[in-house]
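In what follows, a single structure is set out as structure tokens and then discussed.
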Amino acid sequence: MYWWRKESNLCIASGFLILYGIDCPCGELGGEAMQLYLSRLLLIVTRTALRVTGVLFWVLVYFAALLAAVSYLPDALRLLTRGPLSAFCWGPRQAAPPCLTNNVHGQHGYIRIKDSGIRFHYVASGDKRNPLMLLLHGFPENWYSWRYQLDEFSNAYRTVAIDLRGFGGSDAPSRLEDYKMEILLQDLKELIRGLGYSCCVLVGHDWGGTLAWTFAVRHRDMVTHLIVMNAPHPSAFHDYVLSHPSQLFSSRYVFLFQLPIIPEILLSLRDFEHIRKPMTDATLGIQNVECKLSNEEIESYVYYPSQKGALTPPLNYYRNLFGFFPLKAQDVLVPTLLLWGEHDAFLEAAMVPEMQQYVHAPFRAEIIANASHWLQQDRPQEVNRIIRDFLNEDFLLHRN
């Protein structure tokens with residue numbers, strides 16, 4: 001959940017600030033000051049929205065969405081000024097890159113959920129008699145983000161990397177309501193059973209991490225161990241963001257994604273630059289030189305979003321997000337490992353200590369130095385080592 005440049009339209013935003021009684025003369029604003037004032041204004045709107053219900057709540061959410069859109073105008077203009085015609089040149093990739101379709105990291109398969117009829121694509125490795133390790137990717141990724149873990153853990157587990165509903169090679173229903181949290185959690189429940197298991201080691205990153213946290217809260221009998229990477233417990237994030245305007249500013253894309261059509265256009269500009277850049281940029285992207293994405297791997301994350309209408313289903317995850325809070329049940333009662341990239345540009349590592357209060361089971365948190373938001377791809381050896389130690393330590397603890 002991620003990105004964009006920290007710039008804004010000074011005069012428009014200043015008008016909003018004055019409207020809210022914040023002294024902010026347009027002529028005196030620099031870039032850092034503007035970010036500070038816009039963060040405070042977003043905080044005011046968010047806090048107010050959480051105190052009201054019904055129509056007014058959504059009015060405030062969309063007002064915050066418009067503020068977020070204002071902050072992205074300079075970035076959109078930058079892309080346009082580099083070539084107005086080329087900025088709007090994008091189209092579907094005609095063929096998937098080989099890394100998406102070969103069997104190097106496991107066998108490709110499909111499973112259809114009986115109740116919903118949704119067909120899910122997955123890549124699996126390891127003996128079916130081994131315990132299940134279910135891997136859930138984030139936005140805007142697909143199963144391929146787990147290639148290092150598919151290779152590492154297939155000796156001891158049946159490792160399965162799913163393309164979530166609306167992503168990759170899985171079905172993508174068109175309706176907004178098909179991406180509500182309860183439906184997404186039901187998908188996971190049916191997938192675990194459909195793969196022939198009653199429980200699993202559940203591993204999630206980014207949006208997959210949000211699903212993993214929530215699934216472990218709601219269906220703890222189906223999760224033996226929870227492993228989350230760069231994704232906060234929803235209640236902890238709620239608490240943290242309301243007292244840290246800088247995080248609210250970094251997360252303003254969540255408000256932007258509430259708007260129709262505009263996010264799809266912005267993500268598509270200049271041949272999907274805002275899909276590619278967050279993973280490859282020197283500041284936002286993968287930091288480990290040895291794990292930088294090749295051109296083929298970059299295309300593995302552009303291929304599916306480039307198809308006609310393919311950006312809307314993943315964005316519908318965000319468009320249903322405000323109907324999800326607050327969580328009624330919050331406590332995680334299974335052994336939990338939380339991993340976080342120190343240099344995550346979208347989610348502050350300072351919120352990591354906030355998670356422990358919601359875990360009433362063995363809990364381990366590790367902040368990995370010099371790592372980005374894309375943690376399992378950025379530092380795969382270190383991530384795999386910590387996961388292996390966590391699972392082995394808990395096994396030994398229960399055996400004794």
Side-chain angles (χ1 to χ4, degrees), residues 90-126 128 132-151 154 158-175 178-179 183-196 200 202-209 211-212 264 267-268 272 275-276 279 293-318 374 376-377:
W90 67 78
R93 302 300 200 259
Q94 297 304 310
C99 64
L100 270 185
T101 57
N102 62 37
N103 294 323
V104 171
H105 303 291
Q107 297 296 315
H108 293 255
Y110 292 89
I111 182 171
R112 190 175 296 278
I113 300 301
K114 184 177 179 180
D115 290 344
S116 66
I118 299 295
R119 190 181 76 154
F120 288 86
H121 170 259
Y122 65 88
V123 173
S125 184
K128 292 182 179 180
L132 174 64
M133 177 182 284
L134 188 62
L135 305 161
L136 310 178
H137 65 79
F139 177 91
E141 298 163 295
N142 54 59
W143 73 267
Y144 189 71
S145 67
W146 295 111
R147 59 196 177 280
Y148 296 110
Q149 288 68 46
L150 285 166
D151 295 344
S154 58
R158 175 66 170 173
T159 52
V160 178
I162 290 282
D163 280 342
L164 294 172
R165 170 189 292 241
F167 288 85
S170 295
D171 286 351
S174 59
R175 300 183 307 166
D178 288 323
Y179 298 88
I183 292 176
L184 302 176
L185 297 180
Q186 186 64 26
D187 284 346
L188 299 184
K189 187 176 180 180
E190 298 286 344
L191 282 167
I192 293 169
R193 290 175 174 171
L195 290 167
C200 69
L202 189 59
V203 186
H205 167 256
D206 188 78
W207 247 109
L211 294 177
E264 283 89 338
L267 289 171
S268 301
F272 305 96
I275 298 291
R276 293 182 282 110
M279 296 184 182
L293 298 179
S294 67
N295 289 335
E296 180 184 336
E297 289 173 328
I298 294 169
E299 283 297 301
S300 74
Y301 297 119
V302 175
Y303 171 73
Y304 288 114
S306 76
Q307 306 306 307
K308 185 177 180 180
L311 277 170
T312 299
L315 289 171
N316 282 342
Y317 279 65
Y318 293 95
W374 319 99
Q376 76 273 28
Q377 301 181 77

*List in chain and number order the residues that pass side-chain contact (heavy atoms from CB on, under 4.5 Å) with S174, two or more places apart in sequence or in another chain; answer none if no residue qualifies.*
none

*Provide the closest heavy-atom pair for P313 versus P173 in the form atom of the first, atom of the second, distance.*
CG-O, 4.2 Å

*Please determine, by modelled atom types, if H137 and D206 share a side-chain donor-acceptor pair under 3.5 angstrom.*
no

*Sequence neighbours left out, what passes side-chain contact (heavy atoms from CB on, under 4.5 Å) with A310? Give chain and number order.*
Q307

_Please determine whether the number of non-hydrogen atoms from other residues, nucleotides or ligands lying under 6.0 Å from atom CG of N295 exceeds 12._
no

*So which of D163, L164, I113 actually passes side-chain contact (heavy atoms from CB on, under 4.5 Å) with F120?*
I113

_Nearest-0.5 Å distance that lies between atom CH2 in W207 and atom OH in Y318_ = 7.5 Å

_Non-hydrogen atoms of E296 and C99 that approach each other most closely_ = OE2-N, 2.8 Å

*Is the Lys NZ or Arg CZ of R119 less than 6.0 Å from the centre of Y110's six-membered ring, within 45° of the axis?*
yes

*asked:* In terms of relative ring orientation, are W374 and H205 parallel, tilted or perpendicular, with 30° and 60° separating the classes?
replied: tilted

*Report the residue from Y144, W146, W143 that forms a side-chain contact (heavy atoms from CB on, under 4.5 Å) with V123.*
W143

_What I'd like to find out is whether the side chain of E297 reaches to under 4.5 Å of the side chain of Q377, using heavy atoms alone._
no

_Result of checking D171, D187, D178 against R165 for side-chain hydrogen bond (donor to acceptor under 3.5 Å, both in side chains)_ = D187

*Interatomic spacing from CD1 in I192 to CG in L202 - rounded to 0.5 Å*: 6.5 Å

*For V160 against A124, the heavy-atom pair lying closest together*: CG2-CB, 3.9 Å

*Exercise: identify the closest heavy-atom pair between E264 and L315*: CD-CD1, 3.5 Å

*Rounded to the nearest 0.5 Å, how far does OG of S145 lie from CG of L135?*
8.5 Å

_Heavy-atom closest pair, residues F167 and G138_ = CE2-O, 4.0 Å

*Could you grab the distance from atom OH of Y304 to atom CD of E299, nearest 0.5 Å is fine?*
13.0 Å

